[in-house]
Structures are given as structure tokens and as C-alpha cells.
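Values reported hereafter were calculated over all heavy atoms of this structure, with side chains retained and with hydrogens, waters and symmetry mates removed.
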Amino acid sequence: MKSLRYDVKIVEKIPEIRKNGKTKKIKAVQLRPPRDAPISWYTTDALVKMKEHGAIYLTPFSHRLAEEIDNPEYQRLRCRVNYHALRFKTNIMKLSQSIVDKLRAQGHFMSIHLRFEMDMLAFAGCFDIFNSKEQEILKKYRKENFAPKKLVYKERRAIGKCPLTPEEVGLILRAMGFNNSTRIYLAAGDLFGGERFMKPFRALFPHLENHSSVDPSDELAENTQGLSGSAVDYMVCLLSDIFMPTYDGPSNFANNLLGHRLYYGFRTTIRPDRKALAPIFIDREKGRTAGFEEAVRQAMFKTNLGGPHKRIPPESFYTNSWPECFCQTSPQNPAHKCPPDNVLEILDSS
């Protein structure tokens with residue numbers, strides 16, 4: 001409410017009305033917004049209903065406003081909502097800052113969202129690198145959770161549609177000049193295939209941490225389970241010196257972080273171009289390793305490393321809100337001020 005006080009009037013509860021000598025609350029009428037609705041739907045259909053009934057209840061509310069709208073101020077308001085008004089609970093913020101402080105005490109660190117979990121692999125249809133039992137599990141998961149579609153692994157692999165393996169991530173970083181002293185925070189769920197796929201990555205980069213290993217105290221163990229663990233991972237990735245998403249396809253975690261880090265001041269982000277890298281890795285698998293690192297470097301240094309660039313469809317507004325909105329270090333309007341680096345300062349400003 002404080003963050004948006006310059007933009008909208010927010011009430012904590014629906015006001016009461018007097019009718020026939022009795023006081024009662026206005027009953028909100030449920031209204032279903034169409035997916036990716038234009039602004040005009042809210043200023044006509046929704047407004048008419050609100051005037052008619054006094055209050056409306058909008059549900060569901062995911063993807064209910066078109067991303068591309070011809071009103072820069074509404075787009076800037078979106079950023080103020082996403083990056084100022086919406087926050088994790090205090091215990092998550094404090095826990096995240098504690099982990100960042102412990103990591104920073106030893107110097108700079110990189111965070112990696114290692115998306116190599118069963119759901120994403122099944123979605124991508126990338127089965128051939130797994131043994132027969134693992135393939136059965138992935139195919140069963142895909143059949144139960146996704147629409148039928150013929151997917152040919154070699155074709156998917158050749159155009160960069162498969163998530164990078166942990167080893168491929170390590171080889172990219174080595175080619176870019178990161179050595180085995182690089183400290184990496186891993187944000188990941190249960191990696192499919194387990195240690196068999198992590199071992200090559202760990203050999204390249206032994207200084208790996210996650211939210212459980214940074215501090216094995218009871219407080220961390222109790223507060224980093226399930227969604228809380230993902231929330232902590234999000235904040236640590238947001239505040240890390242470098243962030244690397246390994247699969248930024250249908251991944252809200254990675255895509256929102258990309259936009260959040262841009263908003264915070266173009267923080268360094270490494271986004272592997274899987275389509276450009278695919279033929280390079282395929283050649284390596286076939287034994288053609290000459291010039292491998294140079295080819296990887298050429299592919300990677302053509303990518304944007306977190307700097308400003310104009311949004312080009314199908315890039316999402318939530319991944320890149322440039323040029324409509326970015327925070328300001330010395331704004332005339334306090335609502336436009338950049339969030340502080342330290343999340344505890346964010347809490348103190350509430």
C-alpha cells in the first residue's frame with residue numbers, strides 16, 4: 001500500500017453501506033477477465049459491472065492483461081507493482097540476505113538456475129541421453145502432463161530446444177574464462193539423473209553452494225523447504241554478481257529474474273544461446289573438438305550480458321521492460337526510486 005500510494009488508492013477492506021436501516025458490506029460480484037485482455041476491457045466491461053454492483057472480484061488473475069499495451073505509464077506501474085510492492089515475507093528476506101552476506105564474505109559469486117529437472121526434460125522431449133529406465137519415467141510423465149506431440153530428439157537438439165546438461169554449462173563457463181576457483185550458488189530442484197550428471201560439472205567447478213550448504217543451521221533447514229526454498233533461491237540469484245539461467249523457455253523463475261535484474265540496474269546476466277551452441281556441442285560429441293572453446297566464446301559474446309536492449313517479440317515484458325520503465329537513483333517522485341541492494345534496507349523502508 002505504501003509503495004503504490006502515489007498511483008492508486010488501496011483500501012484494506014470493502015466499505016460498508018447502509019440499506020433499509022441496516023449496515024452491511026458490499027458483496028463483490030465475481031468477474032472473469034479474458035486472457036491477455038486489453039485495457040479497454042477494464043475501462044468498459046469491468047467498470048460497468050463495478051458501478052452496477054459497487055465492487056467486483058476478478059478471478060483468475062494470471063495473464064489477464066495484455067503484455068504489450070500502448071500506455072507507457074501503465075507499463076511503468078507494472079514495474080512498481082512487481083519490483084517495489086510485491087515482496088516475500090520478512091523471514092524469507094532476512095534469510096536470503098544472511099546467505100548473500102555469507103557468500104559475499106568470501107568474495108564475488110555467480111548464481112546459476114540449473115534447469116535439469118524431470119518436468120522440463122519431459123516438456124522438451126529430450127530423452128536420448130538417459131538410460132532406458134529414465135526414458136520410461138520421462139515418457140510417462142510427458143504423457144500424463146502434456147498434450148501429445150511427436151518430438152524427435154535429434155531435431156530438437158539441433159535447434160537448441162533441449163535444456164543444457166550440467167557438463168555443458170560448465171564447459172560454457174570455462175570457455176568464457178571462468179576457472180575452478182569460481183564460486184557458484186546453484187538454484188535447482190531435484191536434478192534428473194542425479195550425481196551422474198553433476199559429477200563432470202563439479203569436477204570443473206568444485207566451489208558449489210546451495211541454500212542448504214551455505215549455513216547448515218536449524219533455521220535454514222526449517223525455512224528452505226518447498227516454496228520457501230525457491231523464494232530464497234530467487235532472492236540470492238537476484239542479488240548475485242552474475243546470474244546464469246540455463247533454460248529460459250517456459251520458466252517463470254528465470255524469466256522474472258531476468259527482468260528483475262535488468263530493473264535493478266542492468267546486472268550482469270549470462271544467457272546461453274542454445275540454438276547457436278547446439279551444433280558446437282554436437283560436433284564435440286562426434287569427436288570434432290578443435291576450436292571448441294573459441295566457437296563457444298564467439299557464440300556467447302554475441303549475446304546480451306544484462307545490458308539494456310529494446311524488447312523484440314516474442315520477448316516478454318516481464319523479461320525485459322526496457323524502454324518503458326527502469327528505476328531511478330535520484331527521482332523526483334519517490335515511487336520511481338531504485339530498490340536498495342540490501343534486502344534488509346527494503347524491509348526498513350516499509
Side-chain angles (χ1 to χ4, degrees), residues 111-175 184-206 208 210-213 225-227 229-230 233 237 244-255 257 270-289 292-293 295-296 299-300 314:
S111 62
I112 297 178
H113 184 222
L114 196 55
R115 198 73 167 92
F116 201 71
E117 295 127 337
M118 180 168 62
D119 62 332
M120 189 54 65
L121 291 163
F123 172 82
C126 299
F127 306 145
D128 288 31
I129 58 173
F130 298 99
N131 62 40
S132 57
K133 185 177 180 181
E134 290 167 339
Q135 287 190 33
E136 286 179 17
I137 294 170
L138 289 172
K139 289 175 181 177
K140 183 175 183 291
Y141 186 92
R142 178 172 179 82
K143 185 177 180 180
E144 293 173 350
N145 293 278
F146 302 110
K149 186 178 182 181
K150 185 179 179 182
L151 300 174
V152 180
Y153 171 73
K154 287 185 179 179
E155 294 176 0
R156 305 279 291 170
R157 175 93 164 100
I159 58 173
K161 292 294 185 181
C162 290
L164 294 166
T165 68
E167 181 180 20
E168 288 170 343
V169 174
L171 291 170
I172 291 169
L173 292 175
R174 274 300 179 87
I184 296 174
Y185 178 90
L186 282 181
D190 294 326
L191 298 189
F192 194 74
E195 187 58 27
R196 174 162 57 95
F197 285 94
M198 276 303 297
K199 191 174 180 180
F201 183 72
R202 207 181 300 277
L204 292 168
F205 294 98
L208 299 178
N210 59 31
H211 58 235
S212 299
S213 67
Q225 301 301 313
L227 288 175
S230 296
D233 281 348
C237 289
M244 181 181 186
T246 63
Y247 191 78
D248 54 350
S251 172
N252 289 335
F253 185 97
N255 287 329
L257 267 168
I270 299 172
R271 297 179 68 177
D273 183 345
R274 296 193 310 279
K275 188 174 182 179
L277 290 166
I280 302 170
F281 280 115
I282 291 171
D283 282 347
R284 181 179 179 273
E285 290 165 8
K286 294 178 178 177
R288 297 193 287 266
T289 57
F292 169 76
E293 288 201 346
V296 171
M300 288 304 300

Residue pair Ser111 / Ile184, side-chain heavy-atom distance below 4.5 Å: no
Hey, could you give me the CE/CG distance between Met244 and Leu114, rounded to the nearest 0.5 Å? 9.0 Å
Contacts of Phe146 meeting ring pair (Phe, Tyr, Trp, His ring centres under 6.0 Å) (sequence neighbours excluded), chain-then-number -> Phe123
Tell me whether the count of non-hydrogen atoms from other residues, nucleotides or ligands lying under 6.0 Å of CG in Asn131 goes above 12. yes
Between the OG atom in Ser230 and the CG atom in Asn252, the distance rounded to the nearest 0.5 Å is 12.0 Å
Supply the atom-to-atom distance Gln135 CD to Phe130 CZ, rounded to the nearest 0.5 angstrom. 8.5 Å
Answer yes or no: is there a side-chain heavy-atom contact under 4.5 Å between Leu171 and Phe292? yes
Just how far is it from atom CD1 of Ile282 to atom NZ of Lys154, taken to the nearest 0.5 Å? 10.0 Å
Worked verdict on Asn145 versus Asp119 for side-chain contact (heavy atoms from CB on, under 4.5 Å): CA-CA 9 Å; Asn145 293 278; Asp119 62 332; over 6 Å; no
Please name the pair of heavy atoms, one in Cys237 and one in Leu257, separated by the smallest distance, quoted to 0.1 Å. CB-CD1, 3.6 Å
Looking only at heavy atoms, which two atoms of Ile129 and Tyr153 are closest? And how far apart? CG2-OH, 3.2 Å
Within the 4.5 Å heavy-atom criterion, are Lys139 and Lys143 side-chain neighbours or not? no
Heavy atoms of Met198 and Leu208 approach each other most closely as CE-CD1, 3.9 Å
Closest contact, heavy atoms only, Pro245 versus Ala254: CB-CB, 3.8 Å
Please round to the nearest 0.5 Å and tell me the distance separating atom CZ of Arg115 and atom CG of Leu191. 10.5 Å
Candidate pair Ile112 and Leu173, rule side-chain contact (heavy atoms from CB on, under 4.5 Å), full reasoning: CA-CA 11 Å; Ile112 297 178; Leu173 292 175; 3.8 Å; yes
Step-by-step side-chain contact (heavy atoms from CB on, under 4.5 Å) determination, Met118 to Glu134: CA-CA 10 Å; Met118 180 168 62; Glu134 290 167 339; over 6 Å; no
Pi-cation contact, Phe205 with Arg174 (under 6.0 Å, within 45°): yes
Given side chains that start at C-beta, do those of Met300 and Asp273 come closer than 4.5 Å, heavy atoms only? no
Exactly one of Arg284, Arg274, Arg157 clears salt bridge (charged side-chain N to carboxylate O under 4.0 Å, His left out) with Glu168, and that residue is Arg157
Can you tell which of Phe201, Phe192, Phe197 makes a ring pair (Phe, Tyr, Trp, His ring centres under 6.0 Å) with Phe116? Phe197
Cationic N near anionic O, under 4.0 Å, Glu195 to Arg202: yes
Leu121 and Pro163: which non-hydrogen atoms are nearest, and at how many Å? CD2-CG, 4.0 Å
Restricting to non-hydrogen atoms, name the atom on Asn210 and the atom on Tyr185 that form the minimum distance, rounded to 0.1 Å. C-CE1, 3.5 Å
Would you please test Arg156 and Val152 for side-chain contact (heavy atoms from CB on, under 4.5 Å) and show each step? CA-CA 6 Å; Arg156 305 279 291 170; Val152 180; 5.6 Å; no
Taking NZ, NE, NH1 and NH2 as the nitrogens, is one of them in Glu144 or Lys140 under 4.0 Å from a carboxylate oxygen of the other? yes
Are the side chain of Thr246 and the backbone of Leu164 linked by a donor-acceptor contact shorter than 3.5 Å? no
About how many Å separate OG of Ser212 and CG of Leu186, when rounded to the nearest 0.5 Å? 11.5 Å
Please check if the side chain of Arg142 supplies one atom and the backbone of Ala122 the other of a donor-acceptor pair under 3.5 Å. yes
